[in-house]
Each structure stands twice: as structure tokens, then as C-alpha cells.
Amino acid sequence: MALTTADRIEIGELIARFAHFSDYGDWDALAACFTDDVVTSIAGRPAFVGIAAQVTHARNSAEWTQNQNRHLALNLWIEPDGDDAARARYYLINFVAGREIGEPKIVVSARMTDHVVRRGTGWRIARRELEPDQPFPVTDGN
């Protein structure tokens, strides 16, 4: 399947909306970014399964960072992956913004692949694969 320019723009905006909604606590809008059965895998291990787990993870991140959690998606490229599916690959920097100049701190940098699918209401994230640059233990994630 060839992706149209409109598809590529919508997928790019989906990645941006995920970051914005997650970072600024719009939990209902964040939930709408995903398919019902979304799975996020960190270093090959399933960590967050389903929409509720994605939102809970974002809420927990907001809590421990005092609402200063931020995501940057860089060097995005999108490639088709069958009918009504694509892969959005990018470099992710997750950091805590802090409240003072000089306080920002990188939490993790990673390669991201979001497997996205077209649904009746637009593109949604179905599976996320995060390959961190820094090793860290992955618990059940929920």
C-alpha cells in the first residue's frame, strides 16, 4: 500500500499528539491515540498492554516528575507496512523539564517504532517498540 501525503501528515501528527497529550495530562485524548489492544514493548519485553495501561503509565510519569515529563520525537520516517498499516520510526528523548533553568534531565533516549493502523476514525498506534540506549530493568510495567 502506498501512503499518501495526507496519511504521512496524519501519522506524524499522531506521534506529536501522543507526546503532547501525555506530557500535558489530557488522558482522554491520549487514550484516543491507541487501538484497544495496544502493546508497548521495552527492549523486546511487553510492558504495557491495553489503553488503560498506557494511560496509567503516563499518569505515573506525570506524578513522579511533578507534571514535568516531556517527550521529543526526532528524525521521524514513515514506511508502509501492508494494507492500512505503517511503521513510524523515530528517535525518542524523554526528559524531565524541571522548574528551574539548568534542571532538565534526560530520563532515557531510545529508538522507537510505532506500528500504526488506519481505523474508521483515522490512524491509531497498535504496537510500540522502544529500544533504549541505556539498559534498565523492565518490571511488569503496569
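If you're wondering where the values come from, they're calculated on a predicted model, not measured in any experiment. Computed from heavy atoms alone, side chains included, the values below leave out hydrogens, waters and symmetry copies.
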**Q** Roughly how far apart are Arg45 CZ and Leu130 CG, rounded to 0.5 Å?
**A**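 The CZ atom of Arg45 sits 13.0 Å away from the CG atom of Leu130.
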**Q** Are Glu10 and Arg8 within salt-bridge range, i.e. N to O under 4.0 Å?
**A**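 No, this pair does not count.
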**Q** Carefully, step by step, assess Phe48 and Ile42 under the rule side-chain contact (heavy atoms from CB on, under 4.5 Å).
**A** CA-CA 9 Å; Phe48 308 102; Ile42 300 174; 3.8 Å; yes
**Q** Any non-hydrogen side-chain atom of Val107 less than 4.5 Å from a side-chain atom of Trp64?
**A**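 Of all side-chain heavy-atom pairs linking Trp64 with Val107, at least one is under 4.5 Å.
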**Q** Side chain of Arg127, backbone of Asp37: donor and acceptor closer than 3.5 Å?
**A**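 Checked: no pair found.
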**Q** Which heavy atom of Pro132 sits nearest a heavy atom of Ala110, and at what distance?
**A**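 Scanning both residues, the minimum pair turns out to be CA-CB, 3.6 Å.
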**Q** Could you grab the distance from atom CD of Glu79 to atom CZ of Arg89, nearest 0.5 Å is fine?
**A**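 It comes to 4.5 Å.
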**Q** Taking all non-hydrogen atoms of both residues, which atom of Glu100 and which atom of Pro104 are closest, and how far apart?
**A**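 Heavy atoms of Glu100 and Pro104 come nearest at O-CD, 3.9 Å.
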**Q** Are Ile51 and Ile15 grouped together when hydrophobic residues (ILVMFWY) are joined by side-chain heavy atoms under 4.5 angstrom apart?
**A**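 Yes, one cluster joins them.
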**Q** Working note: Trp123 + Ile78, criterion side-chain contact (heavy atoms from CB on, under 4.5 Å); need CA distance, chi angles, decisive distance, verdict.
**A** CA-CA 13 Å; Trp123 289 91; Ile78 301 163; over 6 Å; no
**Q** Heavy-atom distance under 4.5 Å between the side chains of Leu30 and Gln54, does that happen here?
**A**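 A side-chain contact under 4.5 Å is absent here.
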**Q** With a 4.5 Å heavy-atom cut-off, do Val108 and Gln134 have their side chains touching?
**A**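 SC-SC contact between Val108 and Gln134 confirmed.
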**Q** Applying side-chain contact (heavy atoms from CB on, under 4.5 Å) to Leu14 and Cys33, what does each step give before you reach the verdict?
**A** CA-CA 7 Å; Leu14 172 63; Cys33 292; 3.9 Å; yes
**Q** Hey, what do you get for CD1 (Ile106) to CG (Leu72), rounding to the nearest 0.5 Å?
**A**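 Ile106 CD1 to Leu72 CG: 9.0 Å, rounded to 0.5 Å.
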**Q** State whether Asp81 and Arg87 are salt-bridged, where the test is any N-O pair (Lys NZ or Arg NE/NH1/NH2 against Asp/Glu carboxylate O) under 4.0 Å.
**A**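 Yes, Asp81 and Arg87 are salt-bridged.
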**Q** For the pair Arg118 and Asp7, find out whether any cationic side-chain nitrogen is under 4.0 Å from an anionic carboxylate oxygen.
**A**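 Judged by the 4.0 Å cut-off on N to carboxylate O distance, Arg118 and Asp7 do form a salt bridge.
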**Q** May I ask whether Leu74 and Phe95 are part of the same hydrophobic cluster, defined by side-chain heavy atoms of I, L, V, M, F, W, Y residues being less than 4.5 angstrom apart, directly or through others?
**A**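 As far as the 4.5 Å side-chain criterion goes, Phe95 and Leu74 are connected within one cluster.
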**Q** Over 60° means perpendicular and under 30° means parallel, so classify the ring planes of Phe18 and Phe34, tilted if in between.
**A**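 Aromatic pair Phe34/Phe18 classed perpendicular.
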**Q** Evaluate Asp114 against Arg128 for salt bridge (Lys or Arg N to Asp or Glu O under 4.0 Å), listing each step before the verdict.
**A** CA-CA 5 Å; Asp114 284 343; Arg128 312 188 88 202; 2.9 Å; yes
**Q** Spell out, as yes or no, whether a donor-acceptor pair under 3.5 Å connects the side chain of Arg124 to the backbone of Ala32.
**A**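 Between the backbone of Ala32 and the side chain of Arg124 there is a qualifying donor-acceptor contact (under 3.5 Å).
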**Q** Identify the heavy atoms of Asn69 and Thr65 that sit nearest to each other, and give their distance.
**A**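 So the two residues come closest at N-OG1, 3.0 Å.
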**Q** Rounded to the nearest 0.5 Å, how far apart are NZ of Lys105 and CD of Gln68?
**A**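 Going from the NZ atom of Lys105 to the CD atom of Gln68 covers 14.5 Å.
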**Q** Is it possible for you to say whether Ile93 and Phe21 belong to one hydrophobic cluster, with membership spreading through side-chain heavy-atom contacts below 4.5 Å?
**A**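 Each belongs to a different hydrophobic cluster.
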**Q** Are Val117 and Tyr90 connected in the hydrophobic side-chain network, where two residues link if heavy atoms are under 4.5 Å apart?
**A**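 No, it is not one cluster - the side chains of Val117 and Tyr90 are not joined through contacts under 4.5 Å.
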**Q** Testing the basics here: between Trp27 and Ala58, what is the closest heavy-atom pair and its distance to 0.1 Å?
**A**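 Minimum heavy-atom separation between Trp27 and Ala58: CZ3-CB, 3.4 Å.
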**Q** About how many Å separate NE2 of His71 and OG of Ser61, when rounded to the nearest 0.5 Å?
**A**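 The NE2 atom of His71 is 6.5 Å from OG of Ser61, to the nearest 0.5 Å.
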**Q** Taking side chain as C-beta onward, heavy atoms only, is Thr35 less than 4.5 Å from Ile125?
**A**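 Thr35 does not reach Ile125 side chain to side chain.
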**Q** Can you tell me how far CE of Met112 sits from CG of Asn94, rounded to the nearest 0.5 angstrom?
**A**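 Here the interatomic distance stands at 10.0 Å.
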